Amino acid sequence: MANVGDTLVNCTGTGTSTDPYIFKNWKGFRECIAVSSAYCEYDSTVPENERIINLNDESPNGVAGIIFKCTSVNGNGCSIINANITSSATEKSGLFTETGCSIKNLNFLNVIF
């Protein structure tokens with residue numbers, strides 16, 4: 001498990017409030033939201049009309065429940081689309097925050113639970 005300040009493979013930044021983890025794809029999103037006390041942000045250099053994470057491309061067979069362990073996520077207008085959130089006998093199905101994570105400017109469109 002990564003800690004704030006650790007380097008993440010699919011993100012830049014250190015996860016602090018002044019240097020949040022920056023993600024621009026599904027792998028980076030999942031990686032940074034799993035870090036306790038981290039601050040996460042979608043890459044604001046991506047043009048606004050291209051701020052889309054399409055799970056038909058990234059994970060077409062579905063994904064397990066999305067669990068936010070971080071402190072804050074700023075999606076900067078990003079949309080996560082076509083999510084098929086599945087579960088197994090040991091996993092939760094849905095969107096959960098374990099820490100009361102502040103989630104803003106992040107859209108979920110066409111989601112199936």
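Computation of the quantities below employed the complete heavy-atom set of this structure, encompassing side-chain atoms and omitting hydrogens, waters and symmetry-equivalent molecules. Quick caveat: nothing in here was measured; it's all calculated off a predicted structure.
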Which atom pair, heavy atoms only, marks the closest approach of Asn56 to Asn54? N-OD1, 2.8 Å
Verify side-chain contact (heavy atoms from CB on, under 4.5 Å) between Phe68 and Val73, making sure each step is shown before the conclusion. CA-CA 9 Å; Phe68 294 86; Val73 176; 4.0 Å; yes
Testing the 3.5 Å rule here: is there a donor-acceptor pair between the side chains of Asn105 and Asn74? yes
Flag side-chain contact, heavy atom, 4.5 Å: Thr86 against Val63: no
Taking the side chain as every heavy atom from C-beta outward, state whether Lys24 and Ile53 have any pair of such atoms under 4.5 Å apart. no
Closest approach of Cys70 to Ala38 (non-hydrogen atoms, all atoms of both residues): CB-O, 3.2 Å
Side chains of Phe108 and Ile66: does their closest heavy-atom pair fall under 4.5 Å? yes
Nearest 0.5 Å please: distance from the SG atom of Cys78 over to the CZ atom of Phe23. 5.5 Å
In the structure I gave you, are the side-chain heavy atoms of Asn107 and Ile80 within less than 4.5 Å of one another anywhere? no
Show the nearest heavy-atom pair for residues Glu31 and Cys11, with the distance to one decimal. OE1-N, 3.7 Å
Any Val4 side-chain heavy atom under 4.5 Å of Thr14 side chain: no
On a heavy-atom basis, which atom in Asn76 and which in Arg51 lie closest, and how many Å separate them? O-NH1, 2.6 Å
Taking a hydrophobic cluster as the set of Ile, Leu, Val, Met, Phe, Trp and Tyr residues connected by side-chain heavy atoms closer than 4.5 Å, whether directly or through intermediates, do Val46 and Ile81 fall within one such cluster? no
Just so I know, are the side chains of Ile67 and Ile33 near enough to count as touching, which here means a heavy-atom distance under 4.5 Å? no
What pair of heavy atoms forms the shortest contact from Trp26 to Leu55, and how long is it? CD2-CD2, 3.4 Å
Would you compute the distance between atom OG of Ser72 and atom CD1 of Ile103 and round it to the nearest 0.5 angstrom? 9.0 Å
So if I apply the side-chain contact (heavy atoms from CB on, under 4.5 Å) rule between Asn82 and each of Ile112, Asn110, Leu109, Val111, which one comes out positive? Asn110
Looking only at atom types and distance, does a side-chain atom of Asn3 sit under 3.5 Å from a main-chain N or O of Asp6, one as donor and one as acceptor? no
Residues Ala2 and Leu8: closest non-hydrogen pair is CB-CD2, 3.7 Å
Using the ring centroid of each side chain, check whether Tyr39 and Tyr21 are separated by less than 6.0 Å. no
